[in-house]
Amino acid sequence: MSKYHFNDIEGKWQEIWREKKTFKAENNSEKPKYYVLDMFPYPSGAGLHVGHPLGYIASDIYARYKRHQGFNVLHPQGYDSFGLPAEQYAIQTGQHPATTTEVNITRYREQLDKIGFSFDWSREVRTSNPEYYKWTQWIFLQLFESWYDKNLDKARAIEELQVVFSSEGNLKTNAVCDDEIEHFTASEWLEFSEVKKQEILLKYRLTYLAETEVNWCPQLGTVLANDEIVNGVSERGGYPVIRKKMKQWSMRISAYAQRLLDGLDKIDWPQPLKDSQTNWIGRSKGASVRFNVKEHDAKIDVFTTRPDTIFGVSFMVLAPEHDLVSKITTLEQKEAVENYIEATAKRSERERMADVKTITGVFTGAYAVHPFSGEEIPVWIGDYVLAGYGTGAVMSVPCGDQRDYDFAKHFNIPIPNIFKDADIAKEAYSDKENTVITNSDFLNDLNYKQATEKIIAALEEKGVGEGKINYRLRDAVFSRQRYWGEPFPIYYKDGMPQAVPTECLPLHLPEVEKYLPTEEGEPPLGRADNWSWDEKNQKIVANVSLSAVEGDDNGIYPLELNTMPGWAGSSWYFFRYMEAAKRDEVFASKEALDYWQNVDLYIGGSEHATGHLLYSRFWVKFMHDRGLVPVEEPFKKLINQGMILGESAFAHRIEGENTFVSTSLVKNKTTQPIHADVSFVNISNELDIEAFKNWREEYKNAAFITEEDGTFKVSREVEKMSKSKYNVVNPDDICEQYGADTLRMYEMFLGPLEQAKPWNTAGITGVHGFLKKLWKLYHSGENESFYVTDEAASKDSLKTLHKTIKKVQEDIENFSFNTSVSSFMIAVNELLSQKCNSREVLEPLAILISPYAPHIAEELWEKLGHTESISTAPFPTFEKMYLVEANKKYPISFNGKMRFTLELPLDLTKDQIESAVMAHAKTAQYLEGRRPKKVIIVPGKIVNIVG
RNA sequence: GCUCGAGUGGCGGAAUUGGUAGACGCGCUGGAUUCAAAAUCCAGUGUUUUAGGACGUGCGGGUUCGAUUCCCGCCUCGAGUACCA
């Protein structure tokens with residue numbers, strides 16, 4: 001082997017790494033630990049394109065760098081293998097999702113292996129494996145068996161709550177629970193029936209079953225979490241979503257709102273990501289106020305951020321879905337109200353969002369009573385008030401809130417002004433900083449802050465309200481009406497959910513004939529024959545007839561038919577990787593958890609900001625509370641890699657004809673752009689007409705109007721890389737043609753890691769040429785045989801080396817991998833021109849480059865006479881002495897303009913520099929006859945002469 | 001609308017405690033080599049020019065001896081979010 005045969009080299013080393021288990025992480029090590037993790041992929045049928053490995057390459061470079069630095073690095077990989085696409089495919093083809101998933105995983109693995117990642121595959125996880133989802137189910141049960149104690153601010157076992165209830169009832173309990181909780185004493189608790197007790201406990205559990213308003217997607221036949229809806233349609237598929245009340249499992253994530261917020265200060269994440277979590281949690285400070293309803297014993301509970309404006313209230317608005325609406329509506333208004341409710345219910349989420357300008361609402365006929373003035377306030381309903389936020393009711397202060405103002409104007413409701421010197425003729429006055437309250441009884445002449453304090457005190461004293469912090473974050477709906485997900489370890493006895501004993505886990509996903517909902521509209525698991533729970537024998541049994549199930553004698557009960565959402569398995573997988581032996585008795589051993597702690601570096605896309613990244617933090621905090629894990633945050637440092645975009649090619653077709661026109665000739669014609677597969681197009685945007693014709697039947701007989709030189713050109717546009725846009729570049733092809741090392745370096749070279757950037761295969765030759773030069777640096781002569789000497793390196797070569805060490809080390813630590821590729825190129829060019837062949841320089845250089853281009857580095861390392869892998873060779877240390885020069889060039893400016901540089905010995909004092917510069921300046925021609933007056937020295941930077 | 005981020009050659013992008021803007025790569029031009037091509041190597045490549053310079057980092061101001069960098073006001077693009085009381 002003489003030339004740079006990358007295919008041979010890469011195949012050889014990938015094989016050796018696999019055989020020798022080079023990258024296996026040890027759980028017992030003297031070395032300090034470092035945990036580098038990628039967001040694990042969903043194995044889709046389309047396979048990987050060049051955009052997918054970007055983050056993996058970056059994390060691999062960092063993992064390899066840390067190994068060189070002497071760390072025991074955990075760098076695992078796995079698959080998030082439950083999910084919608086496999087199920088949709090199953091519905092269409094009847095193929096079991098497990099089968100397609102398996103095929104896709106094999107394909108993914110082949111592609112990943114070609115790129116030369118240093119993953120420890122012995123720790124691989126798959127969320128759809130029973131050995132894995134056993135623990136997802138187990139964690140679910142831990143949540144089911146827990147409640148949130150606000151006093152201790154942590155989750156506790158539900159048995160402890162039962163103990164509290166039997167000794168003192170729930171009067172003193174300070175827990176996060178459902179709103180409409182009834183109070184009871186210890187003796188009352190003991191009197192309650194078992195079902196009643198269960199009912200109450202369910203309102204406290206951290207995962208609970210409740211009738212909730214959910215986002216229902218009819219096309220997908222399932223509910224969606226808020227983060228799975230984008231612009232009012234489903235994230236997957238883009239189908240409409242409507243609001244619907246359904247009995248659903250929910251996760252009481254709202255209990256953790258404040259801690260999820262506080263924790264953000266302790267982690268090193270990108271600010272935009274922290275901002276979007278902060279936003280999503282949406283903390284706002286204000287007060288809750290209860291208004292009595294005239295001639296009813298009902299109370300309207302509102303949340304407001306402006307309790308100081310309470311004397312400006314001129315009406316109230318309830319969400320159409322609000323529970324009180326039906327109770328307080330008067331007979332005269334009944335029909336109007338019902339019509340309105342019906343009309344709003346029909347509107348989909350999307351319509352409602354698209355149409356925010358139309359003001360609609362109906363008067364209920366009822367009046368609330370102002371708690372201080374005693375005034376009667378009309379109660380309206382309107383869809384600008386959302387049932388899901390706050391209490392679903394607002395006190396409207398039209399002079400201070402634009403939406404209230406618009407509503408009042410529209411319905412001719414009075415707009416009393418309570419702001420001194422504020423003009424509210426045209427719009428509401430919402431500035432709270434520069435305002436003084438007036439017309440407000442005991443709040444007169446106070447500013448926002450003073451008035452707020454005073455009114456909260458007054459509300460509390462009167463018992464009609466209190467200061468309150470409200471969060472936008474809502475409990476997360478946890479059930480999906482799907483097949484391909486984790487089954488709930490839950491069965492129903494007397495209509496109440498019961499936990500399947502943890503010893504019986506995993507509760508295996510049953511087989512079904514079809515992956516569609518049942519005729520009765522039940523989820524696909526309703527089709528399973530074996531899906532009932534035999535309580536006595538603790539096992540799954542065949543379904544028995546309904547009457548037998550309802551009779552509690554035989555001890556056989558129906559199992560839950562929903563499955564868990566995609567984020568269940570991904571909320572804790574990083575702990576499973578820690579368990580080297582993949583033991584079945586624990587999700588991860590205590591020793592492993594204590595040793596690996598949390599993920600030091602996590603790399604993945606920003607699209608998970610309010611989904612996976614929030615849910616994981618929630619589960620980890622919960623697991624910490626229950627003593628299951630030592631850490632409170634899963635990911636210490638996080639980096640969002642930007643997407644690699646594709647460059648789509650468009651051939652222009654004349655409207656209504658089967659004739660295509662080359663790009664420069666489209667001007668005067670009406671054409672439509674048609675995606676052409678990018679593989680038919682060369683660097684100069686010329687289309688291979690024959691290939692294009694053969695691509696599709698409909699283009700077979702198409703005519704082509706070419707340029708004058710006979711070529712046919714397409715136009716280009718940057719789009720997301722996707723199969724449907726025919727702009728996918730396959731990493732396998734790049735590896736085949738240029739090698740994995742080239743692919744790795746080029747992906748880094750494309751631009752900053754965190755930025756979106758288009759893929760351009762044309763540019764890859766630069767990086768590939770560099771690797772060829774690198775190879776040449778270690779080989780010389782006619783047949784390019786290996787040539788490295790033990791002679792001392794030249795001063796220049798050492799300078800080049802150390803300059804590169806410094807830069808590359810800084811770059812890796814700052815994650816600016818793109819600029820270090822440049823440094824390597826400069827270094828190789830310099831060393832080649834210096835004809836450097838000294839081991840003293842070439843050995844450290846191989847280590848430097850090995851995180852980026854591991855295969856060629858291993859090959860060179862072996863040729864340098866090493867028998868061990870380069871992967872743990874110590875990273876070279878930068879020696880400043882090689883960069884220091886005898887003299888230093890001082891840039892000199894005159895009146896701010898750069899004039900010349902002056903070379904002076906090192907280590908001069910400020911005074912010495914000043915007199916040397918002055919002496920030089922007096923004899924110099926630069927000053928245009930003017931005499932230098934003053935020398936200004938900015939240490940380390942510049943010497944300035946003022947004339 | 002609100003929040004955040006970004007605007008630098010033909011292109012991707014370098015450069016920040018304020019100090020010679022355009023590193024490195026692509027592309028392009030010229031040359032060497034070749035029967036020719038590919039590959040490789042060498043030189044050039046912001047604009048303009050009367051060849052000394054002048055102008056240049058989205059636009060307009062400001063601070064400074066000096067601003068891509070800091071401050072104020074705009075414009076454009078991107079991302080997130082959206083009746084949040």
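By convention in this document, chain letters (A, B, ...) are assigned in the order of the sequence lines, proteins followed by strands, and residues within each chain are numbered from 1. Quick caveat: nothing in here was measured; it's all calculated off a predicted structure.
- For A:F6 and A:Y738, the gap between ring centers reaches or exceeds 6.0 Å.
- In this structure B:U20 sits in no base pair that meets the Watson-Crick or G-U test at under 3.5 Å.
- Between A:H322 atom NE2 and B:A85 atom C1' the separation is 13 Å, expressed in whole Å.
- Rounded to the nearest Å, the gap between the P atom of B:U68 and that of B:U63 is 16 Å.
- Look at B:G58: its glycosidic torsion is beyond 90° from 0, and that puts it in the anti range.
- Nucleotide B:C11: paired with B:G25 (Watson-Crick or G-U wobble, both distances less than 3.5 Å).
- In this structure, of B:C4, B:C26, B:G25, it is B:C4 that holds the atom nearest to the side chain of A:P272.
- Rounded to whole Å, the C1' atom of B:C70 lies 13 Å from the corresponding atom of B:G66.
- Nearest-nucleotide positions on RNA chain B place A:N818 closer to the 5' end than the other of A:G766 and A:N818.
- When the C1' atom is used for both B:U57 and B:A21, the distance is 7 Å, rounded to whole Å.
- When the options A:I381, A:D383, A:V362 are evaluated for a side-chain contact (heavy atoms from CB on, under 4.5 Å) with A:I341, the one that passes is A:I381.
- Looking only at distances, a side-chain donor or acceptor of A:T391 sits under 3.5 Å from a matching main-chain atom of A:D301.
- Here, B:G31 and B:A79 have their C1' atoms 48 Å apart, quoted to the whole Å.
- The side chain of A:Y389 approaches B:C84 more closely than any other nucleotide in the set B:C84, B:G12, B:A82.
- Side-chain proximity of A:N829 to B:C83, B:C4, B:G25: nearest is B:G25.
- When each of B:G13, B:C26, B:C24 is scored by its nearest atom to the side-chain atoms of A:P752, the top-ranked nucleotide is B:G13.
- Distance NZ (A:K468) to C1' (B:A85): 12 Å, rounded to an integer number of Å.
- A:D275 comes within contact range of the sugar-phosphate backbone alone, with a heavy-atom separation under 4.0 Å but no base atom that close.
- In a base pair of the Watson-Crick type (N1 to N3 plus N6-O4 or O6-N4) or a G-U wobble (N1-O2 and O6-N3), with each distance short of 3.5 Å, B:A38 is matched with no nucleotide.
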Problem - Chi angles and distances behind the salt bridge (Lys or Arg N to Asp or Glu O under 4.0 Å) call for A:E830, A:K799 - result: CA-CA 10 Å; A:E830 283 181 10; A:K799 194 174 158 184; over 6 Å; no
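- Of the side-chain N and O atoms in A:T305, none sit less than 4.0 angstrom from OP1 or OP2 of B:C84.
- If you take atom P in B:C28 and the same atom in B:U34, they sit 24 Å apart, rounded to whole Å.
- Remark: of the listed residues A:E647, A:E686, A:K713, A:R716, A:R716 is the sole one forming a side-chain contact (heavy atoms from CB on, under 4.5 Å) with A:V681.
- With B:C84, B:G80, B:A23 as the candidates, the nucleotide lying closest to the side chain of A:S276 is B:G80.
- Remark: B:A67 base-pairs with no nucleotide in the shown strands. Criterion, Watson-Crick or G-U wobble with two distances under 3.5 Å.
- Across the protein-nucleic acid pair, A:Q402 atom CD and B:C2 atom P stand 13 Å apart, rounded to whole Å.
- Each of A:K773 and A:T304 was matched to the nucleotide of RNA chain B holding its nearest heavy atom; the match closer to the 5' end belongs to A:K773.
- Between A:F315 and A:F407, the distance from one ring center to the other falls under 6.0 angstrom.
- For the C1' atom pair drawn from B:G19 and B:U69, the interatomic distance equals 11 Å after rounding to whole Å.
- When the P atom of B:C24 is taken as reference, atom CG of A:N760 falls 20 Å away, rounded to whole Å.
- Per the geometry, CZ belonging to A:F817 stands 22 Å off P belonging to B:C24, to the nearest Å.
- In this structure, a donor-acceptor pair under 3.5 Å is absent between the side chains of A:S284 and A:N470.
- For the P atoms, the distance from B:C83 to B:G61 is 41 Å, rounded to whole Å.
- Remark: A:K274 NZ is packed, more than 12 non-hydrogen atoms of other residues, nucleotides or ligands lying under 6.0 Å away.
- The nucleotide B:C4 finds its pairing partner in B:G78, both defining distances of the Watson-Crick or G-U wobble pair being shorter than 3.5 Å.
- The same atom, P, is picked in B:G46 and in B:U29; the two are 16 Å apart, to the nearest Å.
- For B:G52, there is no paired base (Watson-Crick or G-U wobble, both distances below 3.5 Å).
- Contact annotation for A:V385: base contact, defined as any heavy-atom pair under 4.0 Å involving a base atom.
- Of the candidate nucleotides B:G12, B:C4, B:C83, B:G12 has the atom nearest to the side chain of A:F749.
- Taking atom CE of A:M643 as the reference point, atom C1' of B:G5 lies 15 Å away to the nearest angstrom.
- The OH atom of A:Y405 sits 21 Å away from the P atom of B:A85 (whole-angstrom rounding).
- Residue A:L386 contributes atom CG, which lies 9 Å from atom C1' of B:A85 at whole-angstrom precision.
- Regarding contacts with the backbone of B:A85, every side-chain N or O of A:R472 stays at 4.0 angstrom or more from both OP1 and OP2.
- The side chain of A:Q755 contributes no N or O atom lying less than 4.0 Å from OP1 or OP2 of B:A6.
- In this structure, B:C83 makes no Watson-Crick or G-U wobble pair, since no nucleotide meets both defining distances under 3.5 angstrom.
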